[in-house]
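Heavy-atom basis, side chains included; hydrogens, waters and symmetry copies ignored. Remember, predicted model here, so these are calculated numbers, not experimental data.
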Amino acid sequence: MKLTILVDNTTTAQNLKAEAGLSIYIEDTETKVLFDLGESSLFLENAQKLGINLFDLNYIVLSHGHHDHSWGLNHLLPFYEQANTKKTTILAHPLAFQSRIKENKEIGLNIPVEKLNNAFLIQKSTSPIWINDRLVFLGDIERRYKYEGMHSIGTITTNGRVEADYMQDDTALAYKSNQGLIIITGCSHSGIGNIVEQAKEVCKDTRVHTIIGGLHLCKPSYEQLNGTLEYLDKTNVHALYACHCTDLSSRIFLSKLGNIQEVSVGLTLEFLA
């Protein structure tokens, strides 16, 4: 399995740009997956510079419905509408498609599902979905650890009801490599410990080799940050690529683990099946 960072908050390559968002391109044998799309058309621009074709994807997976992970769909949609063939599936938790408001602004997916239906197959699931024999969409993440995944951001509207938004749609991908699990996260609103535990159960493997993605540690409480450190230490993660919504002070704190790796746009990682 090979993955490439198309969008992150940081870039070190002179010809690649960054924005506050995340997008990861994943290839595994014949399977091609775009995990999140950032906020703008930047993922398309960076993909082109990296020689990556995003117009023959098998899946587009949304980690959750926030703007910095889903609004890039506005820029990909016209190309798939012109192709006039529904061979690409958008896979997400059902709540990823709902309206979300923060400080009187829409921060959720801003394309009607009806319009997406014109170009894509839509698959909504709260249960795990195996994309291929080794790559799995984790579905609804059980909130096991009370120090994480318990904070709301703005509101969400479901069935006409406006409620505090605890990002119940936040999910992740897991890949079964021969070295252990590769966990790929968007923001980890549901909590990285909760995500990893679910991945272990779904994949029936307790070995965690690599975690890559956002950990949603933005000015976290000490309880959350220390709980995360203790959990990851106990889990014996080989490599931690904490990016996007993981602030500098949190990365410095987690560096005690001795496995923090640098992440920037254009980073490519490969793992043996």
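- Between the side chains of Ser250 and Asp247, at least one donor-acceptor pair of N or O atoms lies under 3.5 Å.
- When only modelled atom types and interatomic distance are considered, Ser63 and Asp36 share a side-chain donor-acceptor pair under 3.5 Å.
- Following chains of ILVMFWY side-chain contacts shorter than 4.5 Å, one cannot reach Ile60 starting from Ile131, and the two form parts of different hydrophobic clusters.
- Side chain of Asn46 to main chain of Leu6: a donor-acceptor pair is present (N/O by atom type, distance under 3.5 Å, no hydrogens or angles).
- Asp140 and His93 form a side-chain donor-acceptor contact under 3.5 Å, judged by distance and modelled atom types alone.
- Side-chain atoms of Ser221 come within 3.5 Å of backbone atoms of Gln224 as a donor-acceptor pair (strictly under, hydrogens ignored).
- You'll find the ring centres of His244 and His69 inside the 6.0 Å limit.
- Side chain of Thr10 to main chain of Ser264: no donor-acceptor pair is present (N/O by atom type, distance under 3.5 Å, no hydrogens or angles).
- Taking both residues in full, the closest heavy atoms of His189 and Ile153 are given as CE1-CD1, 3.6 Å, listed atom of the first, atom of the second, then distance.
- Note: Phe253 and Tyr222 have perpendicular aromatic rings, judged against thresholds of 30 and 60 degrees for the angle between ring planes.
- Ring to ring, Tyr80 and Phe120 are close: their centroids are under 6.0 angstrom apart.
- Judged purely by distance below 3.5 Å, without hydrogens or angles, the side chains of Asn58 and Thr31 never pair a donor atom with an acceptor atom.
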task = Kindly determine whether Tyr145 and Tyr231 satisfy ring-ring contact (aromatic ring centres under 6.0 Å, His included), including the steps that lead there.
result = CA-CA 10 Å; Tyr145 299 108; Tyr231 175 83; 5.4 Å; yes

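- When all heavy atoms of Gly266 and Thr4 are compared, the pair lying nearest together is O-CG2, 4.3 Å.
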